[in-house]
Amino acid sequence: MLVIGEKINVISKTLGTAMKERNKGPIQEMATLQVEAGAHLLDLNLGPATKNGPELMAWLVETVQEATPDVRLSLDTMNSEAMEAGLKLCRNRPMINSTTAERARLETFLPMARVYEADIIALAMTETGVSRDCNERVMAAADIIAAMMEFDVPLERVYLDPLLLPVGVAQQQAKEAMDAIAMFKELNDPPLKTVVGLSNIYNGCPENVKSPLAATLLTMLMCRGLDAAIMDPMDVTLMTAKKTVDVFTNETLYCHAYLD
């Protein structure tokens with residue numbers, strides 16, 4: 001399973017300030033720490049990026065690639081101009097985070113995925129908002145698949161995201177998301193890839209329950225066929241759960257040192 005490191009985020013007080021001041025040090029340190037902890041990709045989250053978005057994204061991509069030149073990047077912004085500015089500079093195959101089934105977003109980001117040969121995360125939601133159950137998620141995923149074929153983006157590049165919601169306010173939605181992961185796998189042969197933003201599940205929860213909640217859900221999702229997760233790779237509980245499932249699903253060979 002791909003681990004997409006979530007820690008380079010504009011909402012972080014330390015890293016947000018570093019981005020504003022164009023201070024490379026804290027950002028490159030965080031990039032390196034996440035890769036050392038096991039991240040396969042690094043998510044660079046600028047949110048709306050309404051002020052100097054393209055220039056900031058270009059600077060951030062170059063800054064992170066200086067420290068981790070061989071690691072793929074996931075570019076996370078709603079600003080299409082900032083997204084393209086970053087895609088142009090990625091040395092390795094990038095990931096676009098993200099589109100939805102909304103037509104306007106598909107028309108914006110799928111052509112970029114084609115031009116830059118990028119993978120793309122696609123949230124299973126529409127203009128009406130978050131899907132209410134697994135069936136609505138599958139319907140949204142079907143619209144995304146149809147649009148990818150229309151815009152000539154290979155289906156193997158999509159990562160379908162059922163959209164996790166905080167368990168404290170939408171407990172039933174965790175099961176709906178798990179069921180959707182399994183159902184997404186039935187939409188195509190070969191099966192399409194799937195992803196979740198794992199930390200969404202514990203938003204608003206006390207600190208002491210966040211890691212156990214996320215680790216348990218990650219285990220259950222991986223058993224349903226999850227292919228990637230945007231998560232904190234420096235969370236030892238999470239990474240232990242991920243590695244253990246990898247062993248029991250024969251994704252990696254067991255050895256004592258691997259789980260040490």
Side-chain angles (χ1 to χ4, degrees), residues 1-15 26-45 64-65 67-76 92-95 97-98 119 121 159-168 174-175 177-178 181-182 185 193-260:
M1 187 197 77
L2 290 178
V3 176
I4 304 171
E6 68 178 8
K7 302 292 284 185
I8 301 177
N9 194 315
V10 71
I11 67 171
S12 163
K13 184 176 180 180
T14 300
L15 297 187
I27 294 166
Q28 292 183 334
E29 180 181 11
M30 180 57 72
T32 301
L33 287 172
Q34 289 187 97
V35 172
E36 290 176 348
H40 304 105
L41 290 89
L42 297 175
D43 193 64
L44 310 185
N45 190 336
V64 172
Q65 288 185 150
T68 56
D70 299 324
V71 178
R72 294 175 58 202
L73 302 180
S74 167
L75 307 188
D76 192 346
N92 307 300
R93 188 174 80 256
M95 177 177 280
N97 186 12
S98 59
D119 290 343
I121 293 174
Y159 284 76
L160 293 173
D161 185 339
L163 191 59
L164 294 178
L165 298 176
V167 68
K175 183 179 185 303
M178 283 190 287
I181 290 284
K185 294 294 183 179
K193 295 188 282 289
T194 54
V195 65
V196 294
L198 193 62
S199 61
N200 289 349
I201 199 67
Y202 57 61
N203 283 344
C205 292
E207 288 297 323
N208 64 308
V209 304
K210 288 182 176 181
S211 286
L213 276 175
T216 301
L217 181 61
L218 180 64
T219 300
M220 297 173 75
L221 288 169
M222 289 179 70
C223 291
R224 296 291 186 102
L226 185 70
D227 297 286
I230 305 167
M231 56 184 272
D232 180 0
M234 295 184 292
D235 185 321
V236 175
T237 302
L238 283 183
M239 293 302 288
T240 299
K242 183 261 181 192
K243 289 182 176 182
T244 303
V245 176
D246 282 344
V247 168
F248 286 125
T249 55
N250 293 323
E251 294 298 319
T252 191
L253 184 66
Y254 173 82
C255 70
H256 302 324
Y258 179 70
L259 295 177
D260 187 2

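Just so it is clear, the model here is predicted, and its values are computed rather than measured.
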Least distance between heavy atoms, Leu238 atom then Ala215 atom: CD2-N, 3.3 Å
Arg72/Asp119 under salt bridge (charged side-chain N to carboxylate O under 4.0 Å, His left out): CA gap, chis, key distance, verdict: CA-CA 11 Å; Arg72 294 175 58 202; Asp119 290 343; 2.7 Å; yes
Nearest-0.5 Å distance, CG of residue Leu2 to CD1 of residue Ile230: 11.0 Å
Over all atoms of both residues, closest heavy-atom pair of Ala174 and Ile201: CB-CD1, 4.1 Å
Spacing of OG1 belonging to Thr194 relative to CG belonging to Leu221, to within rounding of 0.5 Å: 8.0 Å
Minimum heavy-atom distance Leu15-Ile8, with the two atoms named: CD1-CA, 3.8 Å
Stepwise salt bridge (charged side-chain N to carboxylate O under 4.0 Å, His left out) test for Lys185 and Asp227: CA-CA 11 Å; Lys185 294 294 183 179; Asp227 297 286; 2.5 Å; yes
Distance (rounded to the nearest 0.5 Å) between Cys223 SG and Phe248 CZ: 10.5 Å
Charged tip of Lys210 within 45° of Tyr202 ring normal and under 6.0 Å: no
Gap between atom CG of Asp76 and atom CD1 of Ile4 - 0.5 Å precision: 10.0 Å
Enumerate, atom names and distances included, each donor-acceptor pair closer than 3.5 Å involving a side-chain atom of residues 32-43, sequence neighbours excluded.
{"from": "Thr32", "atom 1": "OG1", "to": "Gln28", "atom 2": "O", "distance (Å)": "3.0"}
{"from": "Gln34", "atom 1": "OE1", "to": "Glu6", "atom 2": "N", "distance (Å)": "3.2"}
{"from": "Gln34", "atom 1": "OE1", "to": "Lys7", "atom 2": "N", "distance (Å)": "3.1"}
{"from": "His40", "atom 1": "ND1", "to": "Val3", "atom 2": "N", "distance (Å)": "2.9"}
{"from": "Asp43", "atom 1": "OD1", "to": "Ser74", "atom 2": "OG", "distance (Å)": "2.7"}
{"from": "Asp43", "atom 1": "OD1", "to": "Asn97", "atom 2": "ND2", "distance (Å)": "3.2"}

Between OG1 on residue Thr237 and CG on residue Leu213, distance to nearest 0.5 Å: 11.5 Å
For Thr249 against Val245, the heavy-atom pair lying closest together: OG1-O, 2.7 Å
side-chain contact (heavy atoms from CB on, under 4.5 Å) between Met30 and Met234, intermediate numbers included: CA-CA 10 Å; Met30 180 57 72; Met234 295 184 292; 3.4 Å; yes
Shortest non-hydrogen contact between Gly197 and Leu164, atoms and distance: O-CD1, 3.7 Å
Trace of the side-chain contact (heavy atoms from CB on, under 4.5 Å) decision for Met222 with Asp246: CA-CA 9 Å; Met222 289 179 70; Asp246 282 344; 3.4 Å; yes
N/O donor-acceptor pair under 3.5 Å between Thr68 side chain and Val71 backbone: no
Donor-acceptor under 3.5 Å (Asp235 side chain, Thr240 main chain): no
Worked verdict on Leu218 versus Leu226 for side-chain contact (heavy atoms from CB on, under 4.5 Å): CA-CA 8 Å; Leu218 180 64; Leu226 185 70; 4.0 Å; yes
Approximate separation, where rounding is to 0.5 Å, of Thr219 OG1 and Lys242 NZ: 12.0 Å
Working for side-chain contact (heavy atoms from CB on, under 4.5 Å), residues Leu73 and Met95: CA-CA 6 Å; Leu73 302 180; Met95 177 177 280; over 6 Å; no
Smallest separation among heavy atoms of Pro166 and Asn203, with atom names: CB-O, 3.6 Å
